[in-house]
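As structure tokens, the structure follows; a few thoughts come after it.
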Amino acid sequence: MSAASASAPAAGRASATAPSAAPALDLTAVFVRLKLSLIRNGLKGSSKRKAAYFTSLALSLAVAVLAMIGLAVLHGNAHAGTVVVLLAAILALGWTFMPLFFPSGDETLDPSRLVMLPLRPRPLVRALLASSLVGIGPLFTVCLAVGSVVAVARGAAGIVAAVVAVPLMVLGCVTLARSVATANVRLLTSRKGRDLALLSGLLIAIGAQLANFASQRLFQSGGLAQLEPAEAVVRWLPPATAVGMVDSASEGAYGVAAGQLAVTVIALVLLLRFWERSLTALMVTPDGSTIAAAKPSGKRESAGSAGAGAWAFLPAGRTGAVMQRALRYVVRDPKTKSAWVTALAVGVIVPVFNALQGTGSLYLACFGAGMLGMQMYNQFGQDTSAFWMVAQTISTPREAFEELRARAYALALVTVPYTVVLTAVTAALVHNWSAFPAALGVALALLGSMLCTGALASARFAYSIPTDGAFKNVAPGQGGLAWAGIFGGMLVSALICSPVIALTVFLNVTDQQSLTWIMLPLGAAWGTFAAWAGLRLAAPTVARTLPEILLAVSKG
């Protein structure tokens, strides 16, 4: 009887725990299948989308494998530990902030969509973490982690530590990204949050350029040995501590390695706990971030203000209306505003900072024209689902041409004066006014070439920009399509303006600087013709594939 009575509570406890464990496993499997279904369904119905996705996947894997091999080659180098520890810290920093602003479209990572479902936070954390490990980003991180530990692992202790470090580093990066995103999801999905993303994206862009200039100074003044004090601090900051643990174990510092392992595990547990608390708050707290007091009707714009003020200088008819709509997007839409401000800022930073460093070239002013020229890509995607109203006005190639031309005019209205001023400022900083005409001519030729390829990419590689999250700039399944259009367009743009570049190089190499002034009118004419040709070629495609474009841009 005592054995039976003792086994009865045990059976009861087992039966009580079984129902709670099974749903957690089922939920994890459901979210992983959901992630795979989103990827698979995003590729249906478009061969171009499939080709773009698999091309981007192949390129990402190629870069990841090359990076892994490059890190593994550092094995035995005196500064290998410094390089991989700092690389792990940079990778973690990227995972923390880039998912908020980098183009992505994983619907499983937005927990605000799940608030109405009867889900507990802890099983939901496991499910979201498992689904987050499916994708190109985690695979890329695994490759870098493997290459990093191979670079520093030596001996049996180092190999054992490396086997433990790889999953800890990947889990730490993914958990860090998801916990930060969950804690800020209400802010990021509100209008104010999307406006804050403007500043954050700008800071990231500026920070990247500052890191670039810092690396240049580093290799000019002493090499990697100068980074050892920073590495001594960073190796105690998780998840870089995972790689530092491998280096310490390989050197025989087992106590230090154990401490770094403990810091890594404790940080991962605390991040998971923070993520769970953020999910709990998200599930039970009402969302009042988007509630704003109604504005008095007297402050609203009157219907007749469309052509008043600065807009009165725009052309009449369809061209002026389309230009005004495009420029209003720049002022009012947070994502469009963020892209424009970032492009304007980075376009100034690169030539100006290089000039101040004493390593500048006047031709770096072309970087600003290139950054703004990229805003021509995916012109219809910025309209999102409202593009159907624009589509109602396009039935012939002529109307498609007028639509694209007006959008190019709106971009040129800002970009051309910006390019002229930036080139002049750079010429003043580098004291090279004699090359000003040639540099400006090349910049205008590049701008016209990017307007050409941007129109073609908008017609053939249109994708949706979701409106429900500041950190999602591409709808699920369309990431490869977006990157194919952007990078393919940039490559073709370089080929289009290559004759202008080649002639400029020829005049400088053959010491015929007195003739370089001809590059200004030639570059302007070349860019104008390239832009016109691109608009002409894209217009029939837009008119012919309008339903497909409408479906693509309305996906989000």
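The shown structure was predicted, so the numbers you read here are calculated from the model rather than taken from an experiment.
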Inset, instruction - Examine distances only and state if a side-chain atom of Ser131 and a backbone atom of Val32 form a donor-acceptor pair shorter than 3.5 Å. - result: no

Legend entry - Side chain Arg407, main chain Gln379, donor-acceptor under 3.5 Å: yes

Inset, instruction - Measure the CD1-CG distance between Ile69 and Leu74 for me, rounded to the nearest 0.5 Å. - result: 12.5 Å

Legend entry - Flag side-chain contact, heavy atom, 4.5 Å: Leu144 against Met68: no

Legend entry - Between CE on residue Met389 and CG on residue Leu550, distance to nearest 0.5 Å: 12.5 Å

Inset, instruction - Indicate yes or no: at least one non-hydrogen side-chain atom of Phe140 is less than 4.5 angstrom from one of Val63. - result: yes

Inset, instruction - Answer yes or no: is there a side-chain heavy-atom contact under 4.5 Å between Val330 and Lys337? - result: no

Legend entry - Intermediate values then yes/no, side-chain contact (heavy atoms from CB on, under 4.5 Å), Leu411 and Trp340: CA-CA 10 Å; Leu411 181 63; Trp340 270 81; 3.2 Å; yes

Legend entry - Stepwise side-chain contact (heavy atoms from CB on, under 4.5 Å) test for Tyr329 and Asp383: CA-CA 9 Å; Tyr329 278 144; Asp383 296 345; 2.9 Å; yes

Legend entry - Side-chain (Lys35) to main-chain (Val134) donor-acceptor, under 3.5 angstrom: yes

Inset, instruction - Answer yes or no: is there a side-chain heavy-atom contact under 4.5 Å between Phe367 and Val346? - result: yes

Legend entry - Which atom of Leu327 lies closest to which atom of Ala410, heavy atoms considered: CD2-O, 3.8 Å

Inset, instruction - For side-chain contact (heavy atoms from CB on, under 4.5 Å), just list the numbers for Leu546 and Phe387, CA-CA rounded to whole Å, side-chain angles, deciding distance to a tenth of an Å, and then say yes or no. - result: CA-CA 10 Å; Leu546 195 59; Phe387 178 67; 3.9 Å; yes

Legend entry - Lys/Arg N to Asp/Glu carboxylate O, Asp26 vs Arg33, below 4.0 Å: no

Inset, instruction - Using the side-chain contact (heavy atoms from CB on, under 4.5 Å) rule, pick out the option among Val269, Leu270, Thr264 that qualifies with Ile266. - result: Leu270

Inset, instruction - List the atom of Ser458, the atom of Tyr377, and the distance in Å for their closest heavy-atom pair. - result: OG-C, 3.8 Å

Inset, instruction - Please check if the side chain of Thr175 supplies one atom and the backbone of Gly172 the other of a donor-acceptor pair under 3.5 Å. - result: no

Inset, instruction - Would you check if the side chain of Ser248 reaches a backbone N or O of Met245 as a donor-acceptor pair within less than 3.5 Å? - result: no

Legend entry - Nearest-0.5 Å distance, CG of residue Leu456 to CE of residue Met376: 9.0 Å

Inset, instruction - Any chance you could measure Leu176, atom CG, to Trp95, atom CH2, to the nearest 0.5 Å? - result: 10.0 Å

Legend entry - Arg154 atom CZ: more than 12 heavy-atom contacts under 6.0 Å: yes

Inset, instruction - Output yes when a side-chain donor or acceptor of Asn378 lies under 3.5 Å from a complementary backbone atom of Tyr463, and no otherwise. - result: yes

Inset, instruction - Look only at the side chain of Glu276 and the backbone of Leu272, and say whether a donor-acceptor pair between them is shorter than 3.5 Å. - result: no

Legend entry - Point-to-point distance, once rounded to the nearest 0.5 Å, from CG of Leu344 to CD of Gln375: 8.0 Å

Legend entry - For Val152 against Ser250, the heavy-atom pair lying closest together: O-OG, 2.9 Å

Legend entry - Residue pair Ala539 / Pro397: nearest heavy atoms and the distance that separates them: CB-O, 3.4 Å

Inset, instruction - Could you verify whether a donor N or O on one side chain and an acceptor N or O on the other, from Trp236 and Thr241, lie under 3.5 Å apart? - result: no

Legend entry - Lys/Arg-Asp/Glu bridge criterion (N-O < 4.0 Å) met for Arg325, Glu403: yes

Legend entry - Derivation and outcome, side-chain contact (heavy atoms from CB on, under 4.5 Å), residues Arg235 and Asp247: CA-CA 10 Å; Arg235 66 168 49 228; Asp247 191 28; 2.8 Å; yes

Inset, instruction - Answer whether the closest heavy-atom distance between the side chains of Met374 and Ile486 falls below 4.5 Å. - result: yes

Inset, instruction - Could you check if a side-chain atom of Arg178 sits within less than 4.5 angstrom of a side-chain atom of Leu128, using non-hydrogen atoms only? - result: no

Legend entry - Interatomic distance, Thr541 atom OG1 to Leu404 atom CG [nearest 0.5 angstrom]: 10.0 Å

Inset, instruction - Could you tell me whether the side chain of Leu133 reaches within less than 4.5 Å of the side chain of Leu171, counting heavy atoms only? - result: yes

Inset, instruction - Answer yes or no: is there a side-chain heavy-atom contact under 4.5 Å between Gln260 and Pro238? - result: no

Legend entry - Where His75 and Val150 come nearest, the two heavy atoms and their spacing: ND1-O, 2.9 Å

Inset, instruction - Indicate the atoms forming the closest heavy-atom contact of Ser493 with Ser449, along with that distance. - result: OG-O, 3.5 Å

